[in-house]
Amino acid sequence: MRSNEAIARLDAAISALGDVHVSAWSEDTLREQLGELSVALCTLDALLSRIADEVRARGLRIEEPVSA
C-alpha cells in the first residue's frame with residue numbers, strides 16, 4: 001500500500017472512531033455490544049502497537065502533537 005493511501009485510510013479510521021460515543025449508548029445496548037466492542041478495541045490496540053513498534057524499530061520516535 002502506498003504511503004499516501006495508508007495515511008488516508010488511517011485518517012478515515014480516526015474520523016470514524018471520533019464519531020463513536022459509547023456514553024450515549026443505553027446500558028442494554030452496551031451490554032449487547034460488549035463482546036464485539038471488546039474484540040474491536042483489542043484488535044485496534046494490537047494493530048496500533050504493531051505500527052508504533054515498526055516505527056520505533058527504525059529508530060524514530062512517536063510524539064504527541066503539541067496543542068496550540
Side-chain angles (χ1 to χ4, degrees):
M1 178 182 315
R2 293 181 36 215
S3 59
N4 289 344
E5 182 183 339
I7 295 299
R9 291 175 71 176
L10 287 170
D11 285 340
I14 290 166
S15 179
L17 289 169
D19 292 339
V20 176
H21 299 282
V22 176
S23 61
W25 296 2
S26 70
E27 285 296 314
D28 289 338
T29 299
L30 183 55
R31 289 179 200 284
E32 290 170 9
Q33 299 296 318
L34 189 55
E36 289 181 68
L37 180 61
S38 295
V39 168
L41 292 173
C42 289
T43 301
L44 180 60
D45 181 58
L47 291 171
L48 290 173
S49 293
R50 178 188 56 83
I51 293 168
D53 288 346
E54 289 176 1
V55 169
R56 290 184 192 106
R58 296 186 65 176
L60 300 170
R61 290 183 46 177
I62 297 174
E63 299 177 11
E64 288 191 48
V66 176
S67 299

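The first residue in the sequence is number 1, and the count goes up from there. Computed over heavy atoms, backbone and side chain alike; hydrogens, waters and symmetry mates excluded. Just so it is clear, the model here is predicted, and its values are computed rather than measured.
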Distance check, rounded to the nearest 0.5 Å: [X] atom [atom1] versus [Y] atom [atom2]?
X     : Y     : atom1 : atom2 : value
Thr29 : Leu34 : OG1   : CG    : 12.0 Å
Gln33 : Ser26 : CD    : OG    : 9.5 Å
Asp11 : Ile14 : CG    : CD1   : 5.5 Å
Leu10 : Glu5  : CG    : CD    : 11.0 Å

*Return the set of residues passing salt bridge (charged side-chain N to carboxylate O under 4.0 Å, His left out) with Arg2 (not counting sequence neighbours), or none when no residue passes.*
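For Arg2 there are no salt bridge (charged side-chain N to carboxylate O under 4.0 Å, His left out) partners, ignoring immediate neighbours.
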*Between Arg50 and Glu54, is the closest basic N to carboxylate O distance under 4.0 Å?*
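Salt bridge between Glu54 and Arg50, a charged N being under 4.0 Å from a carboxylate O: yes.
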*asked:* Let me check something: do Val20 and Leu44 share a hydrophobic cluster, defined by ILVMFWY side-chain heavy atoms less than 4.5 Å apart, either directly or through other members?
replied: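 Per the 4.5 Å side-chain linkage, Val20 and Leu44 are not co-clustered.
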_When you group the ILVMFWY residues by side-chain heavy-atom contacts below 4.5 Å and let the links chain together, are Leu41 and Val39 in the same group?_
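Per the 4.5 Å side-chain linkage, Val39 and Leu41 are not co-clustered.
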*Partner residues of Ser15 under the side-chain contact (heavy atoms from CB on, under 4.5 Å) criterion, sequence neighbours left out*: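 Ser15 satisfies side-chain contact (heavy atoms from CB on, under 4.5 Å) with no residue once adjacent residues are dropped.
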